[in-house]
Amino acid sequence: MDHFTPFLSATLNVFETHKQMTERAIAQVSDAGLRTSLDEHTNSIAVIMKHVAGNLISRWTDFLTTDGEKQDRNRDDEFVDTFATREELLAYWERGWTTLFDSLKSLTPDDLEKTVYIRGDAHTVPLAIQRSLGHTCYHVGQIIQVARIQAGEEWNTLTVPRGQSEQFNKERWGAGKPGK
């Protein structure tokens, strides 16, 4: 049985969904809001996006052949807001995601048996993929939470609105949930 195709498809789907949710969230935030930290101990949306993109570029460039922590990566700089415009930030964000998607789509079933390295530590390819997915989703959650706070009363929910689950389920399934 082919386990690779559904695994890769599911992985791509989750990454794509989280990228889209992030972009829908930040579309609701002003340029100034992207750069505003909730307090002195937290990162702004722009900084978190820069870090996610930098991580994706480092981890997924030459994924199977070089350590995921690239020699030229300056991780500390990822936590400094250096982009002059939203467009520059989004271009870097897109570069990170393009690097990820191109690399994932190039994988073959045999690649799942390979070992890759991240900061010198050996990882199976599936583990490296799951590690990247977990890291990215963690930061996506941060971005969305801060965007929600920044947007205030103007926020448009990204999922089923609070208090509307029953209505959503009825619209989706009619009288009852499947399996009941």
Side-chain angles (χ1 to χ4, degrees), residues 1-39 41-57 59-60 78 81 83 85-87 89-107 112 125-180:
M1 179 179 184
D2 173 24
H3 295 289
F4 173 76
T5 301
F7 170 75
L8 184 60
S9 177
T11 301
L12 286 165
N13 179 274
V14 173
F15 272 120
E16 289 167 354
T17 298
H18 281 77
K19 178 182 186 285
Q20 291 167 3
M21 283 194 345
T22 302
E23 291 167 357
R24 288 175 40 222
I26 66 163
Q28 301 182 56
V29 177
S30 69
D31 289 354
L34 289 178
R35 297 181 135 67
T36 303
S37 299
L38 298 180
D39 66 35
H41 303 290
T42 61
N43 294 309
S44 69
I45 292 170
V47 166
I48 300 168
M49 289 176 69
K50 182 180 179 186
H51 169 62
V52 168
N55 180 273
L56 292 175
I57 292 165
R59 296 292 183 264
W60 292 97
E78 293 169 12
D81 185 357
F83 294 112
T85 65
R86 178 185 289 254
E87 292 73 26
L89 172 63
L90 291 176
Y92 190 66
W93 170 258
E94 196 60 42
R95 179 178 160 208
W97 286 94
T98 298
T99 303
L100 164 75
F101 290 136
D102 288 350
S103 184
L104 279 175
K105 290 174 184 175
S106 75
L107 296 177
L112 291 183
V125 166
L127 177 59
I129 291 169
Q130 293 302 306
R131 178 178 167 162
S132 183
L133 183 61
H135 176 262
T136 302
C137 290
Y138 168 80
H139 287 303
V140 164
Q142 290 179 315
I143 292 166
I144 292 170
Q145 183 70 16
V146 175
R148 170 65 187 93
I149 293 166
Q150 296 287 356
E153 295 300 318
E154 302 301 314
W155 179 254
N156 293 308
T157 190
L158 305 176
T159 60
V160 178
R162 184 183 297 181
Q164 296 182 24
S165 296
E166 188 174 331
Q167 177 185 338
F168 176 85
N169 289 343
K170 283 181 183 176
E171 290 171 5
R172 176 65 54 102
W173 295 310
K177 294 180 187 175
K180 287 197 173 191

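This one's a predicted model, so the numbers in the text were calculated from it and none came from an experiment.
- Although no hydrogens or angles enter the test, the distance criterion places a donor-acceptor pair under 3.5 Å between the side chain of S106 and the main chain of S103.
- P126 and L112 get closest at one heavy-atom pair: CD-O, 3.3 Å.
- In this structure, the separation between CG on D31 and CD on E87 is 7.0 Å, given to the nearest 0.5 Å.
- The aromatic rings of W97 and F101 sit tilted relative to each other, their planes meeting at an angle between 30° and 60°.
- Atom CD of residue Q142 and atom CD1 of residue I144 lie 11.0 Å apart, to the nearest 0.5 angstrom.
- Checked by atom type and distance alone, the side chain of S37 pairs as donor or acceptor with a backbone atom of T42 at under 3.5 Å.
- The CG atom of L158 lies 10.0 Å from the CZ atom of R148; values are rounded to the nearest 0.5 Å.
- Contact record, D2 with T5: OD2-OG1, 2.5 Å, taken as the closest heavy-atom pair.
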task = Could you please spell out the steps behind the side-chain contact (heavy atoms from CB on, under 4.5 Å) verdict for D102 and W60?
result = CA-CA 9 Å; D102 288 350; W60 292 97; over 6 Å; no
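- Interatomic distance, CD1 of I129 versus CZ of F7, reported as 4.0 Å (0.5 Å rounding).
- Within the 4.5 Å cutoff, the side chain of H135 has no heavy atoms near those of the R59 side chain.
- Using a distance-only test at 3.5 Å, with no hydrogens or angles considered, a donor-acceptor pair links the side chain of T36 to the main chain of A32.
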L90 and I26: CA distance, side-chain angles, deciding distance, side-chain contact (heavy atoms from CB on, under 4.5 Å) verdict = CA-CA 10 Å; L90 291 176; I26 66 163; 3.6 Å; yes
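- We find the CH2-CZ distance between W93 and R86 to be 12.5 Å, quoted to the nearest 0.5 Å.
- If you take CE on M49 and CD on E94, they are separated by 9.5 Å, rounding to the nearest 0.5 Å.
- Counting heavy atoms from C-beta outward, V146 and S44 have side chains that stay 4.5 Å or more apart.
- Listed for the Q28 side chain is no donor-acceptor partner under 3.5 Å among the backbone atoms of A147.
- Proximity of a side-chain donor or acceptor of T99 to a complementary backbone N or O of R95 within less than 3.5 Å is detected.
- Q20 and E16 form no side-chain donor-acceptor contact under 3.5 Å, judged by distance and modelled atom types alone.
- Side-chain atoms of H51 do not come within 3.5 Å of backbone N or O of V47 as any donor-acceptor pair.
- The number of heavy atoms from other shown groups lying within 6.0 Å of CZ (R24) is above 12.
- Nearest heavy atom pair, residue V29 against residue L34, reads CG1-N, 3.5 Å.
- Across every non-hydrogen atom of A25 and W155, the tightest pair is CB-CH2, 3.7 Å.
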